[in-house]
Undergrad: 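Supplied in structure tokens, the structure appears directly below.
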Amino acid sequence: MQDPKKIRNIAIIAHVDHGKTTLVDHLIRQAGTFRENQAVEERLMDSMDLEKERGITIAAKNASFTYKDIKINIVDTPGHSDFGGEVERVLNMVDGAILLCDASEGPLPQTRFVLKKALEQNIKVIVVINKIDRSDARIQDVHNELFDLFIDLEANEEQCSFHTIYAIAREGMATLDPAVNTGNLNVLYDAIVELVPPPTIVEDAPLQLMVSNVGYNDYVGRLAMGRMRGGSVKVGDDILCIQENTQKKVKVSALFQYFVNSQVPVQEIGAGDMAIIAGIEDFTIGDTITSATNPQILPRIKVDEPTVGMIFSVNNGPYAGQEGKQVTSRKILERLDKELLYNVSIRVEKTEQTDAFKVVGRGELQLGVLIEQMRREGFELLVSKPQVIFKMVNGKKLEPFEHAVIDIEDPYVGAVTEKLGQRKGVMTNMVQKGTGRTRLEFRIPSRGLIGYRSEFLTDTRGTGLLNTNFDGYDDYRGDINSRINGAMISDRQGEANAYSIWNKQERGRMFVNDGDIVYEGMIVGENAKDNDMIVNIQEAKRMSNVRASGSDEAIRVTPVKPMTLEFAMEWIKETELIEVTPKTIRLRVKELDPHKRPKSSK
């Protein structure tokens, strides 16, 4: 068993894309964990395909390495606010945190969110200002902004006198002086060992562990992961699993600990260390695992409430079941129930229809990632437009708000301010950096941001940065105009034809290519006007034996961007659905039969 005084439990917290996973990579490598000739992949901690593709961390990951006979357990956390539930429960497992901040962008909404949670837990925070080699780095300004943030979050005097390290995570370099390149991370290792306290434990206390993460092993089943608050546990011990409304006695069938990012079987784990326990089949995040003879209950994890919901339903289109294997409502519900075991910030509610379920989460990205994972697992389903969750308090209707921080080039300030004003946003701050860019801060209803991100990128010619964070509930602000344009809706089933697409493309933007299969009620394009238009997208050119030398025009079809889940979620209205299959994403109206479909306003 490891001596608790020689253990350090830390988390790396930051805004999205500030370099957390890259820094963890170099911390593990420079500790001498791998042989010199060993092949090690980049971004070691991003294990999911979606994480590697998007370059973001979606689920919190544990790793472990040894530095100067001190065992360091490190947790890499997601940076996007939609996955904030991961951060909240991870901070329960650690005694210190490395707060990473970009030397140019400075503190952003998620920096504020994760720091607030860390200060609430009263854990030691080491500040690392990363990417100091950027040409637009503002090292001293960012340091001052971070100090202001600590003050703003009502940190105490000790927390405000934080230790600052400067780093280039990509090169594996940390230094106390930005002008000196040390070439290694020794400064950061020493800070972790000296400043982060060893885990606080009570001598001779019974076993106490809160389940903070869930895993699965093909040989031993479900795994409960967490930090040992007290006592020790051995393979074969009888333990008590205390859930919200019940408790049960089980036997430990196997124990694991992390070595780098893989799980290694062990016989015994002591207090203060990270433990992975097998043998309990039915448990959830937040449960307490304790001694069967002297049970001690730990307070449950509380996670901020979800704010956005979508309806997941069975695919009832004419091509249902042709691409996916998991198509029934039972399979969809089983998969959603499985997600609940891992994800504390998602809820699933039954609806009036037996084949539809309401899934509520932190934001569009979180729900989009779940849909993309299900799609890759062979599921077919229909999903609705994201809707915010309203509350009634003392007879008043309240809605969720977001704190939006926008970084744009000066010429686009007017366009962005106008659009956000139409969406009931209120500007709270405006800072001109003097480099041709301006930072705007808005308080805006969450529903005002649904469908805005693609419009924002168009308005700023792809150069704008938009970051948001949940900012509590406030009074309902009234109706917000959604998409202005109507849809082009196919009137029959078959294959799209290039001649027909060519004829229609001057009336709007097309979503289908020549040869794509379509069906009645499927949306094949966006109308330039505000009304829906029923079209025949299969109309072929009439063939005759009469030809004139100059009357035939060449058919030039404008290339169509592949339909993505993010674009579809932003584009659709309340009367439309997204059909998601393993190979295709299609848009359609809810009611395929045109006779039952309500007439859209002219």
Undergrad: Any side-chain heavy atom of Phe511 sitting closer than 4.5 Å to one from Met488?
TA: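 Result no, sub-4.5 Å side-chain heavy-atom pair not found.
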
Undergrad: Is atom CZ of Arg170 surrounded by more than 12 heavy atoms (other residues, nucleotides or ligands) closer than 6.0 Å?
TA: no

Undergrad: Looking only at the side chains, is there a donor atom on one of Thr581 and Glu380 sitting less than 3.5 Å from an acceptor on the other?
TA: no

Undergrad: Take a 6.0 Å sphere around CZ of Arg437 and say whether it holds more than 12 heavy atoms from other residues, nucleotides or ligands.
TA: yes

Undergrad: Answer yes or no: is there a side-chain heavy-atom contact under 4.5 Å between Thr564 and Ile585?
TA: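 When only atoms from C-beta onward are counted, Ile585 and Thr564 do not touch, as no gap falls below 4.5 Å.
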
Undergrad: Looking only at heavy atoms, what is the nearest atom pair of Ala496 and Asn513, with distance?
TA: CB-O, 3.5 Å

Undergrad: In terms of heavy-atom contacts, does CG of Asp479 have more than 12 from other residues, nucleotides or ligands at under 6.0 Å?
TA: no

Undergrad: So for atom CD, which belongs to Glu158, do other residues, nucleotides or ligands contribute more than 12 heavy atoms lying within a distance under 6.0 Å?
TA: no

Undergrad: Which distance, rounded to the nearest 0.5 Å, do you find between the CD of Glu409 and the OG1 of Thr460?
TA: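 Going from CD on Glu409 over to OG1 on Thr460, the span is 8.0 Å.
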
Undergrad: If you count heavy atoms of other groups shown closer than 6.0 angstrom to NZ of Lys573, is the number above 12?
TA: yes

Undergrad: Going by side chain to side chain contact (heavy atoms under 4.5 Å, CB included), name the residues that satisfy it together with Lys424, two or more places apart in sequence or in a different chain.
TA: Pro445, Arg477, Ile480

Undergrad: Does anything in residues 119-147 pair up under ring-ring contact (aromatic ring centres under 6.0 Å, His included), and if so which pairs, sequence neighbours excluded?
TA: His143-Phe162

Undergrad: More than 12 foreign heavy atoms under 6.0 Å from CD of Gln353: is that the case here?
TA: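 Result for CD/Gln353: open.
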
Undergrad: Specify whether Tyr452 and Phe456 have parallel, tilted or perpendicular ring planes, treating 30° as the upper limit for parallel and 60° as the lower limit for perpendicular.
TA: tilted

